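As structure tokens, the structure follows; a few thoughts come after it.
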Amino acid sequence: MKPFTYERARTPAEAAAAVARHPGAKFIAGGTNLLDLMKLQIEAPAHLVDVNALALDKIEATQEGGLRIGALVRNTALAADERVRRDYGVLARALLAGASAQLRNKATTAGNLLQRTRCPYFYDTNQPCNKRQPGSGCSAIGGYTRQHAVLGASQACIATHPSDMAVAMRALDAAVETVKPDGQRRVIPIADFHRLPGDTPHIETALEPGELITSVSLPKPLGGTHIYRKVRDRASYAFALVSVAAVVQRDGSGRVALGGVAPKPWRDAGADATLPQGAKAAAARLLAGARTTEDNAFKLPLVERTLAAVLGQARSAA
């Protein structure tokens, strides 16, 4: 780990300004991803701004009938919240499917959204990676690609986003609330928060330099049956090969988002409209334009089968 300086911020605006003031600075809260990356020298921030003292650890009702989740709410607390379990069950289930209990106790809402890919080539500093070193190349292309993206990838990067929580947030149409270094606040729809790689895979979100996530807001409850199903190589502490977050109404309508298949949580409004027609129609729309390799072509039928299981579970619950 390389030397770095450290400070504790007292307000969100102060934290944002501190990161903007120090080139190469990073925010730190739970540190469950950042510290690992620092130890491997994948991340080498010159300055860390600790945001744990900020009053961003509450879950509160909004005037619109939804919930506002503070950026520092731990994953364990969010999954256990009575309102989340009752009205946003897909989110609670997605959180409990991620990582381990120890990590969920430390990981924060904002940090979960910002966690970086688990592509093995990203973690191997002996291999070229455009996320680590822009312009160096993508070792995954032409390499072993079982875990990699079949949707939304580019010639510069085929990594997937690892978050379970973000997939559920995408299904719920959450919004990310931020503060900029000048104190200006803005709201970013979750659909626009994570970026596709294109030619700049190292730019992973819509955040500007120094911009700090302060909360995530959920709209009023959707009702229906909430399901999160995660298919992985082992039953715990593993990232998704394919995951499905779904909210299904009694008439079969609803919304669905996929994880494990793209550089961001994947959702298509056209696929939502086809849910009453069944898994085959919805999967065909979701997977339109998919590009596979010999290693990851299995993800396409796996998406359809997982979606079919989810819709069957929803019908049984209804």
Side-chain angles (χ1 to χ4, degrees), residues 9 11-13 15-16 27 29-30 51-98 104 107-115 161 163-195 204-208 210-224 226-228 245-247 249 254-259 264-267 269 272:
T11 67
F27 301 112
V51 297
N52 281 294
L54 307 184
L56 300 175
D57 58 351
K58 303 292 190 297
I59 305 172
E60 301 171 318
T62 66
Q63 292 183 348
E64 296 76 22
L67 287 180
R68 177 167 287 108
I69 303 160
L72 295 176
V73 172
R74 305 308 191 195
N75 287 178
T76 296
L78 183 56
D81 186 89
E82 181 181 354
R83 295 160 295 182
V84 174
R85 294 173 62 194
R86 181 187 66 229
D87 297 328
Y88 306 96
V90 66
L91 177 58
R93 292 179 177 91
L95 285 160
L96 292 174
R104 292 194 296 269
T108 63
T109 299
N112 194 308
L113 289 176
L114 293 172
Q115 63 182 300
H161 193 272
S163 173
D164 293 292
M165 184 195 79
V167 182
M169 293 282 196
R170 181 68 184 91
L172 293 169
D173 279 336
V176 181
E177 302 174 352
T178 71
V179 61
K180 296 183 181 182
D182 62 2
Q184 181 181 349
R185 295 181 179 272
R186 70 165 172 156
V187 177
I188 307 169
I190 191 72
D192 301 327
F193 182 76
H194 295 103
R195 289 170 48 119
E204 298 176 341
T205 72
L207 293 175
E208 298 175 5
E211 192 169 7
L212 173 70
I213 297 174
T214 55
S215 60
V216 177
S217 61
L218 300 177
K220 63 182 181 181
L222 297 167
H226 290 228
I227 299 170
Y228 187 77
V247 180
Q249 306 300 330
R255 51 180 68 178
V256 61
L258 301 179
K264 61 184 290 185
W266 197 259
R267 187 170 163 211
D272 291 350

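Remember, it's a predicted structure, so these values are computed and weren't measured experimentally.
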Can you tell me how far [atom2] of [Y] sits from [atom1] of [X], rounded to the nearest 0.5 angstrom?
| X | Y | atom1 | atom2 | result |
| --- | --- | --- | --- | --- |
| L56 | L212 | CG | CG | 7.0 Å |
| L96 | M165 | CG | CE | 13.0 Å |
| L72 | L54 | CG | CG | 6.0 Å |
| T205 | K264 | OG1 | NZ | 11.0 Å |

Heavy-atom side-chain proximity of [X] to [Y] below 4.5 angstrom:
| X | Y | value |
| --- | --- | --- |
| V216 | I190 | no |
| V256 | D272 | yes |
| D81 | R86 | no |

Lys/Arg N to Asp/Glu carboxylate O, D192 vs R195, below 4.0 Å:
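Judged by the 4.0 Å cut-off on N to carboxylate O distance, D192 and R195 do not form a salt bridge.
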By the salt bridge (Lys or Arg N to Asp or Glu O under 4.0 Å) test, which pairs, at least two apart or in different chains, include something from residues 175-191?
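For residues 175-191, and leaving out neighbouring residues, the salt bridge (Lys or Arg N to Asp or Glu O under 4.0 Å) pairs sorted by first residue read R68-E177, K180-E208, R186-E211.
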Would L207 and I213 satisfy side chain to side chain contact (heavy atoms under 4.5 Å, CB included), going step by step from the backbone distance to the final call?
CA-CA 9 Å; L207 293 175; I213 297 174; 4.2 Å; yes
Please determine whether side chain to side chain contact (heavy atoms under 4.5 Å, CB included) holds for the pair M169 and L218, giving the CA-CA distance in whole Å, both sets of side-chain angles, and the decisive distance to 0.1 Å.
CA-CA 8 Å; M169 293 282 196; L218 300 177; 3.7 Å; yes
Evaluate the criterion side chain to side chain contact (heavy atoms under 4.5 Å, CB included) for residue pair V51 and T108; output intermediate values, then yes/no.
CA-CA 11 Å; V51 297; T108 63; over 6 Å; no
Within the supplied structure, the quantity of interest is the number of heavy atoms (other residues, nucleotides, ligands) at a distance under 6.0 Å from R83 CZ; does it exceed 12?
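More than 12 heavy atoms, drawn from other residues, nucleotides or ligands, come within 6.0 Å of this atom.
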Any chance you could lay out the side chain to side chain contact (heavy atoms under 4.5 Å, CB included) test for I69 and Y88, step after step, and finish with the verdict?
CA-CA 12 Å; I69 303 160; Y88 306 96; over 6 Å; no
Contacts of type side chain to side chain donor-acceptor pair (under 3.5 Å), residue N75, not counting sequence neighbours
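With sequence neighbours excluded, N75 shows a side chain to side chain donor-acceptor pair (under 3.5 Å) to N112, given in chain and number order.
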